[in-house]
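Atoms within a ligand are numbered from 1 in the order they appear, just like the ligands themselves. Note that the coordinates shown come from a computational prediction; the quantities given were computed from them, not determined experimentally.
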Amino acid sequence: MEHRIATDAKALRSYLGGKWQLGEERGAPLVNPCDGTVLAWAGSKGLDLAGALEHAREVGGPELRKLTYAQRAELLGRIADLLGTRRDAWYEIARKNSGNTKADAAIDIDGAIFTLKYFAKAGAKLGDAGRLRDGSPIRLAKDQNFQGLHVGVPLEGVAVHINAFNFPAWGLWEKAAVSLLAGVPVLTKPATSTAWLAQEMVNAVIEAGILPPGALSILCGSPNDLLDYLRLGDLVAFTGSADTGLAIRKRLGQDVRVNIEADSLNAALLGPDAAPGSQSFDFFAREVVREMTSKAGQKCTAIRRVLVPAEHAVAATDAIGAALAKVVVGNPANPTVTMGPVVNVAQRQSVEEGIQKLSQQAQIAYQPNSFSPVDANLEQGAFVPPTLLTLNSSSDGEIVNELEVFGPVATVVPYRDKQDAFGLARRGGGSLAASVFSSDTAFLAETATALGPTHGRLLLVDPSIGDSHTGHGIVLPSLMHGGPGRAGGGAELGGLHGLWFYHQRVAMQGSATTLAALVAQAADPSAE
Ligand code: NAP
């Protein structure tokens, strides 16, 4: 298929070893998902990745560690302020390269700025310390003078951050904020298909001279053999599909610390008490629709499985379908559009195939009658109709519980009783998030033990927070993000607790006087 090339299309440069550089080849195209227009290219062939990592370790690390936590926090605040002054430019790139509506772009871009500001403020409280401590000294023996304390010292390597295509801004800064605050230099690798926004943001920060030399690098294009040059003290924080996460884990030796944020079959659960007409029912249906359509369903935390009491399955399907019928799909340049395309035609095809696979066990309960996206090129665009399925009663739901369809798609799964509902929610194989809607607070509290072991985050919605909660799919910097099993087993953010990933936790043993000296130089992140 021939694609138009935008007149201002350019090859994206990487910032490595303190220099902007182009790969030997133009590399992979980045396109506008509304019509396939090529916007840029990203190629990394021939770039000196070993040298880039060494520069970050040898120059960026020492420069960052000369600063205190509070000083590094101040740099994060300056980055947030700078990014805030150019929001319109970032929104425009997000619209063109990711097909984002304004609401979608806000999640990514304003979410990034909010997260940077959060860590700027929280980090300032760590003051002039150069390391962390976990609590206070404890006595270790009969002799009261012999004591112990866990201390965190920043790792002396480089943090490689590999990000998914769906959050080019937030993915970059939610990781970089914590790493830079910890004093660990960053080499960030955005997903190629949407690398433009990340590259422009890094460009702005480098041009402004906010960070010390070597503190921030960016690789645009394929990672090539980047991971082969990592060694003890280095870290990898990865966000992306479970398959890539597994491949990265296998490739890295035991010397390199790894955090994996992978894919997830998140569930929303309508409580047994929440009949049609109840507030919980309405809040539930609204949240499912929001999650299916926000960013065209391309959020790792999006609701994929919609668990409802069997007797309310028809009513729930009807309510969700009726709300989906009001969604206006099309080119987000048109202000009436409320849902844009998925990221590119390959992703569209993957979603279409996913719907076909789900259809082996589930029936399509809602899809628009005639799919005609506004201001769109159907053939070269990447538009997918919002699609709700219902699991067939004869099916064991194997596919629904195992296949992540990364688009505006969810499946209603009827359950018999509470235990059945909990069992189904747990079948995701480890999930990032589940939300539960009920007026029965005892039932909501029960989910902590019923769903906690297989989930990273639980949003428990009784009607008192129906309008005020931040949403099933929204990740907040003050709480831990990550989930067990196929979700990767990783943990990011979580307020200042997230700093521990970038520190070596050392058990220090010594006299009370020595440990008091250590305490004086260390900040306790749990005191935020
Ligand atoms: P992906 O294909 O797994 O790619 C993710 C990143 O890994 C990209 O930057 C990619 O680079 C890079 N990559 C691919 N192969 C690699 C390798 N062998 N070594 C090192 N890096 C490699 O995922 P995606 O399609 O971009 O993102 C969608 C997926 O991410 C979904 O499954 C979603 O659930 C998941 N996700 C999870 C979270 C979370 O927090 N848990 C958040 C967002 C998204 P290239 O682009 O250059 O190939």
Side-chain angles (χ1 to χ4, degrees), residues 12 14 23 27-30 41-45 49 97-98 107-108 111 115 160-172 174-175 187-196 198-199 218-230 236-252 256 258-266 291 295-304 342-344 346-348 350-351 354 402-407 409 428-433 455-457 473-476 480-493:
L12 297 182
S14 294
L30 284 70
W41 295 268
S44 55
K45 187 164 181 232
L49 302 182
N97 189 198
S98 294
I107 301 173
D108 189 29
T115 302
V160 170
H161 293 166
I162 301 175
N163 285 315
F165 74 78
N166 55 336
F167 282 106
W170 177 80
L172 159 61
E174 59 98 16
K175 289 188 176 70
L187 189 152
T188 189
K189 200 220 96 54
T192 299
S193 54
T194 57
W196 185 18
Q199 198 265 5
I218 183 167
L219 171 63
C220 296
S222 160
N224 297 332
D225 52 0
L226 176 71
L227 300 183
D228 296 342
Y229 302 113
L230 297 180
V236 171
F238 166 82
T239 299
S241 61
D243 287 349
T244 311
L246 201 59
I248 287 177
R249 212 188 274 283
K250 280 189 186 153
R251 185 162 181 169
L252 290 169
V256 180
V258 189
N259 190 74
I260 304 275
E261 299 287 356
D263 61 38
S264 177
L265 290 162
N266 313 291
E291 284 296 305
K295 287 181 125 292
Q298 298 168 111
K299 290 209 311 283
C300 54
T301 47
I303 295 167
R304 307 288 175 206
V342 295
V343 73
N344 53 32
Q347 191 60 28
R348 181 191 86 198
S350 159
V351 175
E402 282 182 10
L403 178 70
E404 183 199 46
V405 182
F406 207 58
V409 182
S431 302
L432 293 168
H455 287 79
R457 179 164 60 84
I474 297 295
V475 173
L476 295 167
M480 217 42 119
H481 170 58
R486 74 173 286 162
E492 284 181 345
L493 301 171

For this session: Specify the protein heavy atom at minimum distance from atom 33 (C) of ligand 1: its residue, its atom name, and the distance to 0.1 Å.
Result: Phe406 CE1, 3.3 Å

Seminar exercise, completed: One should read off an interatomic distance between His455 NE2 and Asn266 CG, to the nearest 0.5 angstrom, of 7.0 Å

Seminar exercise, completed: So the atoms of ligand 1 within less than 4.0 Å of a heavy atom of Ile162 turn out to be 6 (C), 7 (O), 9 (O), 12 (C), 20 (C), 21 (N)

For this session: Give the residue, atom name and distance (to 0.1 Å) of the protein heavy atom nearest atom 36 (N) of ligand 1.
Result: Cys300 CB, 3.4 Å

For this session: Among Val236, Leu49, Leu252, Val256, find the one that has a side-chain contact (heavy atoms from CB on, under 4.5 Å) with Val160.
Result: Val236

For this session: May I ask you to list the atoms of ligand 1 that are less than 4.0 angstrom from any heavy atom of Phe238?
Result: 3 (O), 5 (C), 6 (C), 7 (O)

Problem set entry | Where Ile162 and Lys175 come nearest, the two heavy atoms and their spacing | O-NZ, 4.2 Å

Seminar exercise, completed: of all protein heavy atoms, closest to atom 6 (C) of ligand 1 is Asn163 O, 3.3 Å

Problem set entry | Closest to atom 46 (O) of ligand 1 among Ile260, Thr192, Asn224, Ile248 (heavy-atom distance) | Thr192

Problem set entry | Asp263 side chain to Ala242 backbone, donor-acceptor under 3.5 Å | yes

Problem set entry | Nearest non-hydrogen protein atom, atom 23 (O) of ligand 1 | Ser241 N, 3.4 Å

For this session: Select one of side chain, backbone, both or neither to describe which atoms of Asp243 lie under 4.0 Å from any atom of ligand 1, heavy atoms only.
Result: neither

Problem set entry | Nearest-contact summary for atom 14 (C) of ligand 1 - protein heavy atom, Å | Thr244 CG2, 3.4 Å

Exercise. What do you think, any protein heavy atom under 4.0 angstrom from atom 48 (O) of ligand 1?
Worked result: no

Exercise. Is a donor on one side and an acceptor on the other found under 3.5 Å between the side chain of Ser350 and the backbone of Ala346?
Worked result: no

For this session: Kindly write out the residues that satisfy ring pair (Phe, Tyr, Trp, His ring centres under 6.0 Å) with Phe238, not counting sequence neighbours, or none if the list is empty.
Result: none

Problem set entry | Check: Arg304 side chain, Val405 main-chain N or O, donor-acceptor pair, under 3.5 Å | yes

Exercise. Is there at least one pair of N or O atoms, one from His481 and one from ligand 1, spaced under 3.5 Å apart?
Worked result: yes

Seminar exercise, completed: Any heavy atom of Asn166 under 4.0 Å from ligand 1? The part involved is side chain

Exercise. Got the closest protein heavy atom to atom 10 (C) of ligand 1, with its distance?
Worked result: Lys189 CE, 4.1 Å

Problem set entry | Min heavy-atom dist Lys299 to ligand 1 below 4.0 Å | no

Exercise. Closest non-hydrogen protein atom to atom 41 (N) of ligand 1, residue and atom name please, with distance?
Worked result: Ala262 O, 2.7 Å

Exercise. Would you call Ala247 a ligand 1 contact, heavy-atom distance under 4.0 Å?
Worked result: no

Exercise. Is there a donor-acceptor pair under 3.5 Å between the side chain of Lys299 and the backbone N or O of Phe406?
Worked result: no

Exercise. Going by distance alone, is a donor N or O of one side chain under 3.5 Å from an acceptor N or O of the other, for Ser241 and Asp243?
Worked result: no

Exercise. N/O to N/O below 3.5 Å, does that happen between Phe165 and ligand 1?
Worked result: yes

Seminar exercise, completed: Taking every heavy atom of Asn97 against every heavy atom of Thr194, the minimum-distance pair comes out as OD1-CA, 3.2 Å

Problem set entry | N/O donor-acceptor pair under 3.5 Å between Arg486 side chain and Glu402 backbone | yes

Exercise. Which residue owns the protein heavy atom closest to atom 21 (N) of ligand 1, what's the atom, and how far is it?
Worked result: Pro223 CG, 3.6 Å

For this session: Say whether, by atom type as modelled, one donor and one acceptor occur between the side chain of Ser14 and the main chain of Leu219 under 3.5 angstrom.
Result: no

Problem set entry | Nearest protein heavy atom under 4.0 Å from atom 26 (O) of ligand 1, yes or no | yes

Problem set entry | Shortest reach to atom 31 (C) of ligand 1 by a heavy atom, considering only Gln298, Gln347, Glu404 | Glu404

Exercise. Listed by chain and number, what are the side-chain hydrogen bond (donor to acceptor under 3.5 Å, both in side chains) partners of Asn224, not counting sequence neighbours?
Worked result: Ser44, Ser222

Problem set entry | Arg251 N/O to ligand 1 N/O under 3.5 Å | no

